[in-house]
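These notes are about the structure you will find just below.
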Amino acid sequence: MRMLDEIQGRHFQPAYDTGCYMCPGNTRAVGIRNPEYLTTLVFDNDYPALLPDTPAGSFDQKGLLVARGESGVCRVLCFSPRHDLTLARMSAAEIRLVVDLWIAQYQELGSRPSIRYVQIFENRGAMMGASNPHPHCQIWASASVPNEPSKEQHTQLEHYTSHGSCLLCDYLELERAHGERVIFENQHFSALVPFWAVWPFETIVLPRAHLGAMSDLNAEQSDALSDILKGMTMRYDRLFEISFPYSMGFHQPPTDGQAHPEWHLHAHFYPPLLRSATVRKFMVGYEMLGTPQRDITAESAAARLREMKNTP
């Protein structure tokens, strides 16, 4: 399997990089030295986009110019001490350690009175803006619910109120009945190309039972999530025989102290590649000014990803 770095004219990554600020024992830009960690590591981002002591000031000019201060916490979570791994190259047991730390971070940050949302996300590869190839994700915990989860909150609550059932549970039931957009499943999770997909190989990962947040996962379900993430990222790598770039993130309930029975835990994968390792999808012209158009259908994308199961 070729790496994206190799295709771009660079060599494979070493297992340890003396210049990497995430590798064990190395000193970061702010002078803090990483411990000699053996599994995972989480630390406060040295250059955070959100600060806990941001003033709560705001202004509103005739409802047209509106801004407010946003406080929060930004953290970095290293998946592994090895510089050369990705989720696709880690074992399910190693990914399970990451899942456990995601759960712990969601609970710890979400328990703070000043935090109303915890966003876990990974930018994989230079094409998606990752400045460091060391396997890691980010966790941004904010005082308000960001735009995309807020829109999902509105839609899920509207469906729950009008139908008395979970929107994504109902949606997954339809997808599993049709089957053509489902890529693969295990006992507890399904991975599929959503009906509304915009990116060529966009996918969504859903628990098959109704689960609101990561903190609701039991041990068996956490293992299943680790398995589905490994299977999904391996299929991506096999598609064009590269280390596939993507942005991935989990959406789960706000941490506002309220009950959210309408919420269903899920992960979005947004990969930019279209027909090969070097041809990417761009949103331009009518897609920016009108509405997005599909370069390939959701059904054909799912079929391509299903085929990757037995590819060497």
Side-chain angles (χ1 to χ4, degrees), residues 39-40 77 79 86-107 110 118-122 137 139 149 152 156 159-160 165-197 201-238 246 248-253 255 259-271 298 301-302 305-310:
T39 54
T40 57
L77 192 165
F79 296 159
T86 62
L87 287 178
R89 293 174 177 267
M90 293 168 63
S91 68
E94 290 170 326
I95 297 173
R96 169 62 192 275
L97 298 175
V98 177
V99 171
D100 288 344
L101 195 48
W102 282 338
I103 294 170
Q105 288 293 301
Y106 175 78
Q107 292 176 313
V118 180
Q119 180 63 65
I120 298 167
F121 66 97
E122 178 194 8
C137 73
I139 305 170
E152 291 188 359
Q156 290 180 100
H159 183 92
Y160 185 82
S165 59
C166 166
L167 183 153
L168 287 177
C169 284
D170 293 348
Y171 169 68
L172 183 57
E173 182 180 355
L174 287 175
E175 288 288 17
R176 297 189 70 222
H178 291 296
E180 57 187 347
R181 286 178 293 273
V182 176
I183 303 165
F184 73 111
E185 300 180 309
N186 59 28
Q187 185 177 356
H188 296 289
F189 282 86
S190 298
L192 56 97
V193 178
F195 180 78
W196 60 84
F201 294 99
E202 178 181 338
T203 58
I204 187 170
V205 171
L206 293 158
R208 290 172 57 180
H210 182 68
L211 292 170
M214 280 187 168
S215 52
D216 296 330
L217 295 169
N218 60 32
E220 187 176 301
Q221 291 164 334
S222 294
D223 285 339
L225 176 57
S226 306
D227 172 73
I228 209 91
L229 292 175
K230 179 172 177 60
M232 192 65 255
T233 53
M234 287 180 66
R235 281 167 171 78
Y236 276 143
D237 280 10
R238 290 167 176 167
Y246 57 76
M248 179 273 286
F250 288 91
H251 282 163
Q252 47 192 328
T255 56
H260 288 284
E262 74 279 6
W263 262 94
H264 192 105
L265 171 68
H266 58 282
H268 295 282
F269 278 88
Y270 298 125
L305 289 167
R306 278 196 299 270
E307 292 170 1
M308 297 302 107
K309 178 179 180 181
N310 297 318

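Atom set for the values below is all heavy atoms of this structure, side chains included, hydrogens, waters and symmetry mates excluded.
The backbone N or O of Ala92 lies less than 3.5 Å from no partner atom in the side chain of Arg96, so there is not a single donor-acceptor pair. In this structure, Asp216 contributes its side chain and Leu211 its backbone to no donor-acceptor pair below 3.5 Å. Arg208 places a side-chain N or O within donor-acceptor distance of the main-chain N or O of Asn186, the cut-off being under 3.5 Å. Side chain of Lys230 to backbone of Ser91: no donor-acceptor contact under 3.5 angstrom is found. Distance alone, capped at 3.5 Å, is enough to place a donor-acceptor pair between the His210 side chain and the Pro261 backbone.
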>> What verdict does the side chain to side chain contact (heavy atoms under 4.5 Å, CB included) test give for Ile120 and Gln252, after you've listed the backbone C-alpha separation in whole Å, the side-chain angles of each residue and the deciding distance to 0.1 Å?
In response: CA-CA 10 Å; Ile120 298 167; Gln252 47 192 328; 4.0 Å; yes

>> Is there a side chain to side chain contact (heavy atoms under 4.5 Å, CB included) between Tyr246 and Phe201? Walk through the geometry before answering.
In response: CA-CA 10 Å; Tyr246 57 76; Phe201 294 99; over 6 Å; no

>> As a quick check of understanding, evaluate side chain to side chain contact (heavy atoms under 4.5 Å, CB included) for Leu206 and Leu168, giving each step before the final call.
In response: CA-CA 8 Å; Leu206 293 158; Leu168 287 177; 3.9 Å; yes

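Of all heavy-atom pairs spanning Ser165 and His159, the tightest one is O-CD2, 3.2 Å. The shortest non-hydrogen separation linking Ser222 to Ile103 is OG-CD1, 3.8 Å. When every heavy atom of Ala224 is checked against every heavy atom of His188, the shortest pair comes out as CB-CB, 3.7 Å. In this structure, Gly110 and Val118 approach most closely via the heavy-atom pair N-CG2, 3.8 Å. Nearest approach of Ala298 to Pro194, heavy atoms of both residues: CB-O, 3.8 Å. Taking every heavy atom of both residues into account, Ala191 and Val205 meet most closely at CB-CG2, 4.2 Å.
In this structure, Met308 CE and Met234 CE are separated by 12.0 Å, a value rounded to the nearest 0.5 Å. In this structure, the separation between CG on Leu229 and CD1 on Ile95 is 6.5 Å, given to the nearest 0.5 Å. Rounded to the nearest 0.5 angstrom, Leu101 CG and Ile139 CD1 are separated by 6.5 Å. For the atom pair Gln187 CD and Gln221 CD, the distance stands at 9.0 Å (nearest 0.5 Å). Atom CD of Glu94 and atom OG of Ser226 lie 11.0 Å apart (nearest 0.5 Å). To the nearest 0.5 Å, atom OG1 of residue Thr39 and atom CG of residue Asp100 are 10.0 Å apart.
Contact of the Trp263 side chain with the Glu152 side chain is registered, since non-hydrogen atoms from C-beta on lie closer than 4.5 Å. Side chains of Leu87 and Glu122 form a contact here, defined as non-hydrogen atoms less than 4.5 Å apart. The shortest side-chain heavy-atom distance between Met214 and Leu265 falls under the 4.5 Å cut-off. Put simply, the side chain of Ile228 reaches to within 4.5 Å of the side chain of Phe184, judged on heavy atoms. Side chains of Tyr236 and Thr203 form a contact here, defined as non-hydrogen atoms less than 4.5 Å apart. By the 4.5 Å heavy-atom criterion applied to side chains, Trp196 and Ile204 are counted as neighbours. Contact annotation: the side chain of Thr233 never approaches that of Thr86 to less than 4.5 Å [non-hydrogen atoms, C-beta and beyond]. Using a 4.5 Å cut-off on side-chain heavy atoms (C-beta onward), Leu217 and Trp102 make no contact.
For an aromatic pair to be called close, the ring centres must be under 6.0 Å apart, and Phe250 with Tyr106 fails this.
Here salt bridge (Lys or Arg N to Asp or Glu O under 4.0 Å) pairs that include residues 170-197, with residues two or more places apart or in two chains, are Glu175-Arg181, Arg176-Glu185, Arg181-Glu299.
Partner of His251 under the ring-ring contact (aromatic ring centres under 6.0 Å, His included) criterion, chosen from His268, His264, His260: His268.
In this view, Phe121 and Trp140 satisfy the ring pair (Phe, Tyr, Trp, His ring centres under 6.0 Å) rule, not counting sequence neighbours.
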